[in-house]
Each structure stands twice: as C-alpha cells, then as structure tokens.
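One structure below.
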Amino acid sequence: MGMKQQFQCFCLLGVVFITFFIICWDVRRYSTFYLQMAPQTDVTHLKMHQEHRRRIIREFCSANSSLNFTEKLITFDQIPNKALDHLIVDDHHGVIYCFVPKVACTNWKRVMIVLSQNLKAPDGAPYLDPLDIPSNVIHNSTLHKTFNKLWRRFGRYSRPLMHHKLKNYTKFLFVRDPFVRLISAFRDKFVKPDEYFYNMYGSTMLQRYANISKPPDSVQEAFAAGNRLSFTHFIKYLLDPQTEKEKPFNEHWQQMYRLCHPCQIEYDFVGKLETLDEDTEHLLKILGLDNYIHFPPGHENRTAVDWERDWFANISVADRRKLYHLYETDFRLFEYDKPETLLHE
C-alpha cells in the first residue's frame, strides 16, 4: 500500500472515530438531559395533582358553592374536641396526619410511631423500620399524640396550641372511593369473625334487619348457626335514621370529611389510596423523609373499585341512591366519580 493510500485510510479512520465519538457524546448528553428532566416532569405532574385536589376542596368549602352540608361553615374552634381524635401529631418533624380507617391507616400509623419514637423495641432503642412494629400495638391510642389529647392535657389553653401547629406543621390525609371503603369495612369487620364488632353492631343489625329476635351471644356461635350479616343488612343499618340518633357512626364507616374536617383545616397534602405508591413517595420527599422511612407495602387483597357491581347487586337502586346522598360530600370534596351505573340501573 502506497503512502498516499495509507494517509487516506488514516483520514477515513479518523473521520469514523470522530463521528462515533460525536454520536456517543450526543446520546450521553441527551440521555443525561432526559434522566434529569424525567424526575422533574414527574414532580411537576405530582405538584399539579396536589394543587388540583386542594383547590377542589377549597371551592366546595366556600360559602357559595353548590355543595351544602352541616359542617361546612363552622369554624375550627367549633369542632368538638372529641372530633379531633383522628389528628395525630409528630412534634419532632412538624407533621400532622389525619387517619381515615380503611385507607392505609395501619401503615401510616406505623410510620408515625417511627417518627415520634414513642415506642421502644425490646433492645431499648426506638423502632426505625415501620414493619418491625408489632401489629397488636399499632392502633393502641396511647402511642399516638392527638389533638384531643392536647385538649385533655391543656384544657382551654389547647386551642391556641392547635392553631400554632396547624399553621406551622405539614398536614396530610389519605382518602378513598367512599363506596369501596364501605365494602372494605364490611369485609374486615363482619365477613371475618370479630367479637367486638359483633357485640357492638353485628347483633343489633341481625336483630333489626335479619329478623333474628335473639341473636347468639358471641360471633363464633352466630357463625356456627349460619347467622351471618349480609352487605344488605349493613347498608340498611347505615341508612336507618335511628342509627346515628343512638350513637355516632363508627370511624370505619364515618364520612371522611367528618373525621378530618377539610373545610376547617387546610391540608398541605391530599393522598389517595388509588394512587398510594406515587403519593406516598411524593409525600415522603416533601417531608424530607424519603431516605429515612420506607413505607410498608400494601395488602394484596385490597378491595377493588370494580367489585362494586357485585357487592351492590342485592341493594335496591333506591337504597343505592340514599347511600350516595349519605356519602355525597366525600365523593365531591375528594373528587370521586359519581357511580352512575349503580344509581341508574
């Protein structure tokens, strides 16, 4: 090969090498750009979600909105102290969590126990992993500092303290489709044998709505005799005007807005069970705890929205409409679709 040909080959190889380098550099540059932009886009998307959810609540809570309900126009100071029992406070991190039963509250309570360091492990050190906390103590009210406890401790001086915390702490709650939450509550408390719920509610429901004049004394006896509550009995109980005259709804089927007072408390973050993973990840980042806390995984047998048709099959359309009216404020405040197919069949 002559000198000229060698030079031409060398030049050609140089061009190929430079071209290859430029292509690789561009790919790397653009991939870095997109890697940097993707999380930013996700965060912007999540922030917009939050602003939208909070704006909907503000609009419905305004005096001239189309949604009218008794608690809408009261002030925070008019809320009875007992009704503030769902607001769990962590002073170490400046966080207030309003827990709603049947909306991942077990796992969020685990997180709040870890944050507050109120519970010590057998070795004497505070729990650091939410999953290490024994399941039998998670719902123990003595472990959680609530607004109601502030009142019991400080009396009339508690309200200024509450206002201070509400102004300066990060406040959050998680919500869920109201009808699906009812199905979940029924499955958890009445499909499985639960002595407390049978004695407090189940036996009364059997008596009133299943025409069993003398229900068995225990849930085991009732199950053995085939005296099981149906979802229809449960709905009849919720719709009966006599129910709330006797005692308030249990927290597992109490309306979410009545547990958390979103018209009186301007929440910084509104999470949904339907988007639990991304909402939880976003919230932990906002709180600066994403490297400190690992949120426990949810249950695989979670009640699904597409089960509604089966569960409501034996409920009359008239009763379905009454039930929607009973929970309409939750549906609209937290922007859940009106279940039109259930209400117009």
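Only this structure's heavy atoms are used, side chains among them; waters, hydrogens and symmetry mates stay out.
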Donor-acceptor under 3.5 Å (Lys171 side chain, Leu166 main chain): yes
Nearest atoms (heavy-atom pairs only) where Gln50 meets His282: CG-CE1, 4.1 Å
Closest heavy-atom pair and its distance - Lys247, Met200: NZ-O, 3.3 Å
Sub-4.5 Å side-chain heavy-atom contact between Ile265 and Phe147: no
Heavy-atom donor-acceptor pair, Arg181 side chain to Val103 backbone, under 3.5 Å: no
side-chain contact (heavy atoms from CB on, under 4.5 Å) between Trp311 and Val180, worked out: CA-CA 10 Å; Trp311 279 91; Val180 181; over 6 Å; no
Hydrophobic cluster identity match, Leu115 and Val137, side-chain contacts under 4.5 Å: yes
Inter-residue atom distance Phe69.CZ - Cys61.SG, 0.5 Å rounding: 5.0 Å
Side-chain donor or acceptor of Arg320 paired with backbone N/O of Ile315 under 3.5 Å: yes
Main-chain N/O of Arg258 paired to Glu71 side chain as donor or acceptor, under 3.5 Å: no
N/O donor-acceptor pair under 3.5 Å between Glu244 side chain and Phe249 backbone: yes
Residues Thr243, Leu238; criterion side-chain contact (heavy atoms from CB on, under 4.5 Å); working and verdict: CA-CA 7 Å; Thr243 299; Leu238 296 177; 6.0 Å; no
Tyr169 versus Asp268, side-chain donor and acceptor atoms under 3.5 Å: no
Quick one: side chains of residues 117-128, donor-acceptor pairs under 3.5 Å with protein atoms, not counting sequence neighbours, listed by atom name and distance.
residue : atom : partner : partner atom : Å
Asn118  : ND2  : Ser116  : OG           : 3.3
Asn118  : ND2  : Leu143  : O            : 3.0
Lys120  : NZ   : Gln117  : O            : 3.4
Asp123  : OD1  : Ala125  : N            : 2.9

Sole residue of Val95, Leu87, Leu150 in side chain to side chain contact (heavy atoms under 4.5 Å, CB included) with Lys165: Leu150
Polar side chain donor-acceptor pair, Lys109 to His139, under 3.5 angstrom: yes
Pairwise distance CD1(Ile88) to CG(Asn148) - rounded to 0.5 angstrom: 12.0 Å
side-chain contact (heavy atoms from CB on, under 4.5 Å) assessment of Tyr209 paired with Asp240: CA-CA 10 Å; Tyr209 315 111; Asp240 190 338; 2.7 Å; yes
Check: Tyr324 and Leu342 side chains under 4.5 Å, non-hydrogen atoms: no
Heavy-atom pair of closest approach, residues Leu333 and Ile57: O-CG1, 3.3 Å
Student check: side-chain heavy atoms of Val219 and Asp194 closer than 4.5 Å: no
Pair Asp188 + Lys192: basic N to acidic O under 4.0 Å: yes
Whether Lys145 side chain and Asp90 backbone form a donor-acceptor pair below 3.5 Å: no
Phe76 ring center near His261 ring center (under 6.0 Å): no
Over 12 foreign heavy atoms within 6.0 Å of CZ, Arg58: yes
Cluster overlap Val191 with Phe234, hydrophobic side-chain contacts below 4.5 Å: yes
Check: Cys260 and Phe99 side chains under 4.5 Å, non-hydrogen atoms: no
Heavy-atom donor-acceptor pair, Asp279 side chain to Lys272 backbone, under 3.5 Å: yes
Rounded distance (nearest 0.5 Å) linking atom CE of Met256 with atom CG of Leu173: 8.5 Å
Distance in Å, Tyr257 OH paired with Gln264 CD, rounded so as to fall on 0.5 Å steps: 10.5 Å
Distance-only polar pair, side chains of Thr275 and Glu278, donor-acceptor under 3.5 Å: no
Close aromatic pair by centroid cut-off 6.0 Å: Phe190 and His233: no
Inter-residue atom distance Leu67.CG - Thr329.OG1, 0.5 Å rounding: 4.5 Å
same_hphob_cluster(Met48, Phe269) at 4.5 Å side-chain heavy-atom cutoff: no
Glu59 side chain near Ser65 side chain, heavy-atom distance below 4.5 Å: no
Close side-chain approach of Phe312 to Ile183, heavy-atom, < 4.5 Å: yes
Phe179-Tyr327 aromatic ring centre distance below 6.0 Å: no
Audit row: His86, Cys105, side-chain contact (heavy atoms from CB on, under 4.5 Å) steps and yes/no: CA-CA 11 Å; His86 280 245; Cys105 82; over 6 Å; no
Minimum side-chain heavy-atom gap Pro178-Tyr336 below 4.5 Å: yes
Verdict with supporting geometry, Asp77 and His163, side chain to side chain donor-acceptor pair (under 3.5 Å): CA-CA 9 Å; Asp77 286 335; His163 281 288; 2.9 Å; yes
Closest approach of Phe186 to Leu229 (non-hydrogen atoms, all atoms of both residues): CZ-O, 3.5 Å
N/O donor-acceptor pair under 3.5 Å between Lys149 side chain and His144 backbone: yes
Gln207 side-chain N/O to Pro215 backbone N/O, donor-acceptor pair under 3.5 Å: no
Close side-chain approach of Val270 to Arg54, heavy-atom, < 4.5 Å: yes
Lys/Arg-Asp/Glu bridge criterion (N-O < 4.0 Å) met for Arg55, Glu51: no
Closest heavy-atom pair and its distance - Leu259, Val100: CD1-CG1, 4.2 Å
Nearest heavy atoms of Pro297 and Leu131, plus distance in Å: CD-CD1, 4.2 Å
Test log, rule side chain to side chain donor-acceptor pair (under 3.5 Å), inputs Asn140 and Thr142: CA-CA 6 Å; Asn140 185 332; Thr142 61; 2.6 Å; yes
ILVMFWY cluster, Ile235 and Trp307 together (side-chain gap under 4.5 Å): yes
Which donor-acceptor pairs under 3.5 Å do side chains of residues 286-295 form with protein atoms, sequence neighbours excluded?
none

Gln255 (side chain) donor-acceptor with Asp330 (main chain) under 3.5 angstrom: no
